[in-house]
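Here's the structure we're looking at; comments come further down.
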There are 4 protein chains.
Amino acid sequence: MSKGAGGRPRDAAREEALLSAVIELLDEVGYEGLTIDAVARRAQASKATVYRRWPSKEALICAALLNVTSSVVPVPDTGELVEDLRLMLRHSARALKRNRSRIAAIVAAVATRPELTESFDRLFLAGRRAAARGVYERALERGELAPGPDIDLLIDAAPALLLQRVLYQPDEPLDDAFVDRVVNGLILPALGEPRGAGQQRRKTP
Amino acid sequence: MSKGAGGRPRDAAREEALLSAVIELLDEVGYEGLTIDAVARRAQASKATVYRRWPSKEALICAALLNVTSSVVPVPDTGELVEDLRLMLRHSARALKRNRSRIAAIVAAVATRPELTESFDRLFLAGRRAAARGVYERALERGELAPGPDIDLLIDAAPALLLQRVLYQPDEPLDDAFVDRVVNGLILPALGEPRGAGQQRRKTP
Amino acid sequence: MSKGAGGRPRDAAREEALLSAVIELLDEVGYEGLTIDAVARRAQASKATVYRRWPSKEALICAALLNVTSSVVPVPDTGELVEDLRLMLRHSARALKRNRSRIAAIVAAVATRPELTESFDRLFLAGRRAAARGVYERALERGELAPGPDIDLLIDAAPALLLQRVLYQPDEPLDDAFVDRVVNGLILPALGEPRGAGQQRRKTP
Amino acid sequence: MSKGAGGRPRDAAREEALLSAVIELLDEVGYEGLTIDAVARRAQASKATVYRRWPSKEALICAALLNVTSSVVPVPDTGELVEDLRLMLRHSARALKRNRSRIAAIVAAVATRPELTESFDRLFLAGRRAAARGVYERALERGELAPGPDIDLLIDAAPALLLQRVLYQPDEPLDDAFVDRVVNGLILPALGEPRGAGQQRRKTP
DNA sequence: GATTAATCGAGACGGTACGTCAAGTCTTGAT
DNA sequence: ATCAAGACTTGACGTACCGTCTCGATTAATC
């Protein structure tokens, strides 16, 4: 006796069309203005098709953002830890500024549905964490960095500061200068370098 | 002949009743479950009275939280910077854990209505910033701390980390040990102290 | 000890201003569109002043219509019953057509508040009844009309037909020809005249 | 490929349930007391379902009354015109008295929304008109009635008088005696019969 | 090829909250 | 006690959205 095997299979193209429609509408009308009806209409789909795939509006939004956002953060490899950090964080800062409204959308979605917290982590934290870990590990391998510093803490600290700025201090600058302040004033000291060392001498001889 | 300044004045007691009702309901049913109707009913008020005062559910919630949350963070004064920081952050961490749902509410409100960003700052950041600034300034006056470190950055860094944990990493601990990691692994080094110095020697002679 | 005699006396001008405002608004926005707030605003009065005088919106409307509508219907006196009836009814027909929307207003008001039924009678029926009675009585005195016909019934019949047309058959004509049909086809026969007699011979010799 | 004719079809049972609920509530709480919310609740429907079908409370009420009121008025056939008229009008008078509140409801609805005037005609006038026309035509066929009288006018006259009594003269009797006055004092004379002839001699030989 | 069963677009459905509006009452300070 | 102004409670309004459901029409895999 076969298990329920018959039936028309799901159309993968519908999925893609729906997720694209979410992104479009999110950029057009914002999180609050987005409705499932509008998404379905835009994608020429029916609401049933949406709910067959995602359990709620918030889950749909998270899925759409996960779909367009590359979770892979490019890991720079200049051979110098300080330069790698600077490049990585500048890249992050620019990405955050560019996607301010999308970030607000997912923050609202997560605040609304705690079960989606993991999506936030996957979208914004996991990638940066992995990239940062790679940068630090390579520095350790090179001997540029001595074991000891609380690397896990440092990995979280910079994104937390950037995210706070983009979400709650939109009037404060989020530019290369700010990234430099973070690197020089916070991270390098924590790594054992004298404050601001990175500006004068690049590599410990 | 005077221009129309007459009319029955707004009843401040209604305002207070409404804000209290918001807080009660927020604790009972959460941000998503809160409705203007329920708030009005609880406060024995009418919806018109609500809308006469606040333009949206989100603004109402911000007002209510601003009303109950003392913006004054107690500033410890043990005579030692490290101890002051530790006490202050432990207090913050506990407050954040205790009010997780209220924080989620305001985060959702702000993410939904960017114009309310300032409320968030007033609620969670301004008070802590002022308190931290007081702590650092006293240390400077005592000569315990030399000028130079990027104090403004440090002031923001710790709350950002705590807030990130409470909102997006609910499974990670947010306890005294974590606060110690932040102080020892991030702040003290940035202040020019060797990493973890605060644990061995307390005061610079 | 004196009974409550003190206090500022009511300003009769306010009353007139309010009633005028009702009529103006009734003509501008119709019965459904009329609000007490708008009436008060238009009359530079406060709502309290309205409710001090009339117990409800419907009563106010009736009062306003009673105020502008002369309850005295001009009684023609040509010396001939048929001519008097014809003139009187033509006048009625024109008045009804002209005030179609005001009539609809009071009909709605009365249908809503049965206690105002009397107002309707005073507005539309009493005056016409008195006028018609005068016409018939003069004819009796002149000997033009023999006792016998059910005059009270005839008095009501013509207005009922006209009112029905204006309210419920707005596409049917309500003109002199219709009035003639009513007089010739209904009233004259009931008075004992052969049908349509009034058109050939006017007075019974 | 067919154009959008798909979609879930409207449920006729919902329509019936809503119309029944209107009638029930109309009898329970009257026209003013009736709310769309209550109708929807009673019919286990949602307000959207109501508004999908009827544009206003007034239209809904008209639809409901049209649904329950048989537009077919029984046409008596005694073989005698006078008797037929008497029976028909007595039946009308009783029906009007019995449904006073429903009639007030539709009068208010029509006075409020002129576009519904046709409903009134269909509800109260068309059926009676058809019945009366049948009675008169049969009398003509029988030779009981000679051509000449303004039948269309007579058809309207009696209902207009009855309706006026029930709506605006609730204290005046609306009984068989009044019907007899109308028949004897108004209709028979207009048909060419001497006043009150119907009471003495029944059939013209 | 016929059967089967899940899919699809469309849109009606119950439910619920929204934000607005009007009615009628009450409060203030001034006349 | 009256007045204008306008806040107040009450409660219906009509709209909008959610998530579910029904309909008839596909559309593959299974028989």
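Naming: A, B, ... by sequence-line order, numbering from 1 per chain. Here the structure is a predicted model, which is why all the values come from computation and not from measurement.
Every residue meeting the side-chain hydrogen bond (donor to acceptor under 3.5 Å, both in side chains) condition with D:S46, not counting sequence neighbours, appears here in chain and number order: D:T49. With sequence neighbours left out, the salt bridge (charged side-chain N to carboxylate O under 4.0 Å, His left out) criterion links C:K47 to C:D37. Judged as a side-chain contact (heavy atoms from CB on, under 4.5 Å), and not counting sequence neighbours, the contacts of A:E16 are A:S20, A:N67. Every residue was checked against the side-chain hydrogen bond (donor to acceptor under 3.5 Å, both in side chains) condition with B:T117, not counting sequence neighbours, and none meets it. B:R42 is linked by a salt bridge (charged side-chain N to carboxylate O under 4.0 Å, His left out) to B:E24, B:E28, counting only residues two or more places apart in sequence or in another chain. Under the side-chain contact (heavy atoms from CB on, under 4.5 Å) criterion, B:L60 pairs with B:L19, B:V22, B:I36, B:V39, B:V50, B:W54, not counting sequence neighbours. C:R14 pairs by the side-chain hydrogen bond (donor to acceptor under 3.5 Å, both in side chains) definition with nothing, not counting sequence neighbours.
Contacts between residues 105-120 of chain C and DNA chain E, counted as heavy-atom distances below 4.0 Å, involve C:R113. Sorted by residue number, the members of residues 47-59 of chain D with any non-hydrogen atom under 4.0 Å from DNA chain E read D:T49, D:R52, D:R53. Against DNA chain F, the stretch residues 20-46 of chain B makes heavy-atom approaches under 4.0 Å through B:Q44, B:A45, B:S46.
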Every protein N/O lying under 3.5 Å from an N/O of nucleotides 24-28 of chain F:
residue: F:dT26; atom: O2; partner: A:R8; partner atom: NH1; Å: 2.8

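Rounded to 10°, the helix from E:dG1-F:dC31 to E:dT31-F:dA1 has 20° between the axis fitted to its first five pairs and the one fitted to its last five.
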